[in-house]
Amino acid sequence: MTAPAPRVGVLALQGDVREHAAVLRDLGARVTLVRRPAELEEVDGLVLPGGESSVIDKLARVFGLREPIRAAIADGLPAFGTCAGLILLAERISGGIEGQQTFGGLDVTVRRNAFGGQTESFETDLDVPELGDPLVRAAFIRAPIVEAVGAATPLAALDDGRIVAVEQGNLLGTAFHPESAGELRFHRRFLDRVAARAA
Ligand code: GLN
């Protein structure tokens, strides 16, 4: 008998929630849009979408989700954050708005809006050795950068050496948006973690 597909959540307070839900469903996962603590309790993993990290942070507090998410991540819940989601998984951020908080978990420092005005958004092909061939088509949209890594492992860097993807235990974070470019391998990697933990 095969186990039912894992149930994964997409934090659905703001941002590109639908894109992530579509990729996860394409990969066979059952998806719950998480807006309240009871929904968080149903899931075996959580995707933190791109969007505006300061807004997601504020709404998470308003919806009573901040502490439950923090606790679940600290307890080993697999999580995958893209762009604003990476910012929310960082233990430390720079360039945050006054009072901005994160859920933490990834031992990294992430700088918000690291590409400034000149090239706020761009696409590039990234070598991600852990994912093999082909290169990853990566969309950077007002993207952050990983400025410093502690215990996390870099997975990808730009040509100039700046780190744009990391993982640590059950946590995965990318500064870019794989979900908008038809790239499935990061989500698959996340779902592997979810399946391993649920088993
Ligand atoms: N600049 C946004 C932030 O700071 C992130 C952009 C994105 O998620 N595409 O939250």
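Both counts, for ligands and for their atoms, begin at 1 and track the order of listing. Here, residue 1 is the first one in the sequence, and each next residue gets the next number.
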Check your understanding: By number and element, which atoms of ligand 1 are closer than 4.0 Å to a non-hydrogen atom of Ser53?
Key -> 3 (C), 4 (O), 10 (O)
Check your understanding: Would one find more than 12 heavy atoms of other residues, nucleotides or ligands at under 6.0 Å from atom CG of Asp159?
Key -> no
**Study point:** Test of proximity, His177 against ligand 1: N or O pairs below 3.5 Å
**Key:** yes
Check your understanding: Between Asp16 and Gly50, is there a donor-acceptor pair closer than 3.5 Å when you use the side chain of the first and the backbone of the second?
Key -> yes
Exercise for review: Number the atoms of ligand 1 from 1 as they appear, then name those within less than 4.0 Å of a heavy atom of Gly50, with their elements.
Suggested key: 8 (O)
Review point. Counting heavy atoms only, which part of Arg112 comes closer than 4.0 Å to ligand 1: side chain, backbone, both or neither?
Key: side chain
**Study point:** Minimum-distance protein heavy atom relative to atom 2 (C) of ligand 1
**Key:** Gly51 O, 3.5 Å
Point to revise | Per-atom contacts of ligand 1 with Arg142, taking only distances under 4.0 Å to non-hydrogen atoms | key: 1 (N), 2 (C), 5 (C), 6 (C)
Check your understanding: Tell me, which protein residue and heavy-atom name are nearest atom 1 (N) of ligand 1, and how many Å apart are they?
Key -> Asn113 OD1, 2.6 Å
Review point. Is it the case that more than 12 heavy atoms not belonging to Arg30 sit under 6.0 Å from its CZ atom?
Key: yes
Practice item. Over 60° means perpendicular and under 30° means parallel, so classify the ring planes of Phe140 and Phe115, tilted if in between. Key: perpendicular
Point to revise | Minimum-distance pair of heavy atoms, taken over all atoms of Leu171 and Leu77 | key: CD2-O, 3.8 Å
Exercise for review: Quick one: look at Ile87 and ligand 1, take heavy-atom pairs under 4.0 Å, and tell me if it's side chain, backbone, both or neither.
Suggested key: side chain
Review point. Which residue owns the protein heavy atom closest to atom 7 (C) of ligand 1, what's the atom, and how far is it?
Key: Cys83 SG, 2.7 Å
Practice item. Output yes when Arg92 and Glu147 qualify as a salt bridge under the 4.0 Å nitrogen-oxygen rule, no when they do not. Key: no
Review point. Do NZ/NE/NH1/NH2 and the carboxylate oxygens of Glu183 and Arg137 come within less than 4.0 Å?
Key: no
